[in-house]
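So you know, we letter chains A, B, ... as the sequences are listed, proteins then strands, and number each from 1. Everything numeric here is computed off the predicted structure, so don't read it as measured data.
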Amino acid sequence: MAFEELVKRGEYVWEVPQDAALRMRVPGRIFLSEVLMKYLERGAIQQVANVATLPGIQKWSLAMPDVHTGYGFPIGGVAAFDVSEGILSPGGVGFDINCGTRLLVTTLFKEEIEPRINELTTALFEAIPSGLGSKGQLRLSEKELDGVFLDGAKWAVNRGYGNPADLKHCESNGCLDGADPTKVSPLAKKRGKPQLGSLGSGNHFLETQCVDRVFDKKAADLFGLKEQQVCIMLHSGSRGAGHQICTDYLKMFQAASRKYSIELPDKQLACVPADSQEARDYFSAMAAAANYAWTNRQVMSYWVRDVLEQQFNTTATLVYDVAHNIAKLEKHTIDGGRKEVYVHRKGATRAFDKDDSYGIEQPVLIPGSMGTASYVLHGTKKAMSTTFGSTCHGAGRILSRKAARRSLTWRGVTEGLQRKHIVIKTDDLSSVPEEAPEAYKPIDEVIDVVSKLGISEAVARLTPMGVIKG
DNA sequence: ATGTAC
């Protein structure tokens, strides 16, 4: 599968034709502008085609404009599988189960924060543990950890880490049904237990941002966002627990794929029938990891609020919290009928046209790369009919971590941030070149494509003031 | 992404 085979189906819509020789069951669709086409990897096209061969796939194997090559499924990939004829695949969710984004809005405005951004960033850095292997401040018992897996963000709110209103503003209210801690391995529990309330590493971040532009005043007002207002954005996931759960089930599914005679063009696509015991077990463990991630972001929000209270005698309101690595049981209209499907979103964000948190379309949060803008959007009807209610998840990597380290320096990147008056704090200096804006696609272009496609609509643009890098 | 390896 190569570039020459892509067929233009519309502005920003490129089809990967259904190739019988490859046993594709549906065509692929990749959403790109001419600018983003330059970054498209051959491997990502192949992965879109590979996913199209999996049993029970509906309509299309999709890739968002921030697509890049991942483990089995592309990052930026969306695929829906029939609940009875289809499959579940850990590679379609990703290692960092429920990696996601949360936005809090403060009562402060840019000019109030500007003179104190250094001390605020330092205080946040000291309050929220970050980096590889970082541990949280909580000491959980086995039983409490099971509670986190079962109840998600509600577990934290019940213990005073936030308020009940927070839950209303989380995707799925911060808890996925069907979680079962007995389906989580002892090793995954051991890794997860000390880490609750920690940021992690890599592209995870905590940023102090300000609203740079409002595009949709009605939605922005409802979400509580005004120009120049200061926000805190968190990008984090399920830490070692989710990673271990993914590893455990991938290993199990390698053998199970053979048992169920599922032919795979790539071993990394290991999967099992959606109605099998193995699939039920994976879904229960994945939901537990998803709930851990929501609890993790909820607990970190508590420490953010604690810092705001101490430093500015104020607090912050939760705007929304989205998952962008998850499989969910959803009903969609497919070929005129309503159908239950497992939607795999791997580096893709839910963008429903309805949501009960504000009574309008669902808020969508898209983090940019370090030093660049982030966006608040909302979902659309068009997303419901063309992408199973999904949109992009971020800028999307273009340089590998290694390539970024080779071509960029800590000093150069930090100076670039300084020129934009952005303060940065990190324990891991190697993360600075790896997460530099130059290592990612231009976020404004990605947002432009999803907006022009109509699969989400921009509400506000946020620009960073202080960055904590994991 | 990740106690950066089966």
Sorted by first residue and then second, give each salt bridge (charged side-chain N to carboxylate O under 4.0 Å, His left out) pair with at least one member in residues 274-301 of chain A; sequence neighbours left out. A:K183-A:D281, A:K259-A:E278, A:R297-A:D321
What contact category does A:I75 fall into here, base, sugar-phosphate, or nothing, at under 4.0 angstrom with non-hydrogen atoms? nothing
Once you round it to whole Å, what is the distance between C1' of B:dT2 and CG of A:N98? 16 Å
Would you call the rings of A:Y161 and A:W155 parallel, tilted or perpendicular, taking 30° and 60° as the class edges? parallel
What does A:G237 touch in the nucleic acid at a heavy-atom separation under 4.0 angstrom: a base, only the sugar-phosphate, or nothing? nothing
Distance-only donor-acceptor check, side chains A:S374 and A:E207, under 3.5 Å: no
Identify whether any heavy atom of A:Q254 sits under 4.0 Å from a base atom; if not, whether one sits that close to sugar-phosphate; answer base, sugar-phosphate or nothing. nothing
Nearest whole angstrom, please: distance from the C1' of B:dT2 to the CG of A:D96. 9 Å
Gap between atoms CE and C1', on A:M252 and B:dC6 respectively (whole Å): 17 Å
What's the CG-P distance between A:D248 and B:dC6, to the nearest Å? 12 Å
Give the rounded distance in Å between these two atoms: OH of A:Y249 and P of B:dT2. 20 Å
Whole angstrom value for the distance that separates P of B:dT2 from CG of A:D428: 11 Å
Give the rounded distance in Å between these two atoms: CD of A:Q244 and C1' of B:dA5. 13 Å
Decide whether A:Y440 and A:D66 meet the rule of one side-chain donor and one side-chain acceptor closer than 3.5 Å. no
Qualifying residues under side-chain contact (heavy atoms from CB on, under 4.5 Å), relative to A:V343, sequence neighbours excluded: A:V78, A:A80, A:E330, A:H332, A:V341, A:R345, A:F388
note: A:L187, atom CG; B:dA5, atom P; distance rounded to Å ~ 15 Å
Below 4.0 angstrom from OP1 or OP2 of B:dT2, is there any side-chain N or O of A:T247? no
Taking for each residue the nucleotide of DNA chain B bearing the nearest heavy atom, is the 5' side occupied by A:G131 or by A:K251? A:G131
Reckon A:L132 touches a base, only the sugar-phosphate, or nothing at all at heavy-atom distances under 4.0 Å? base
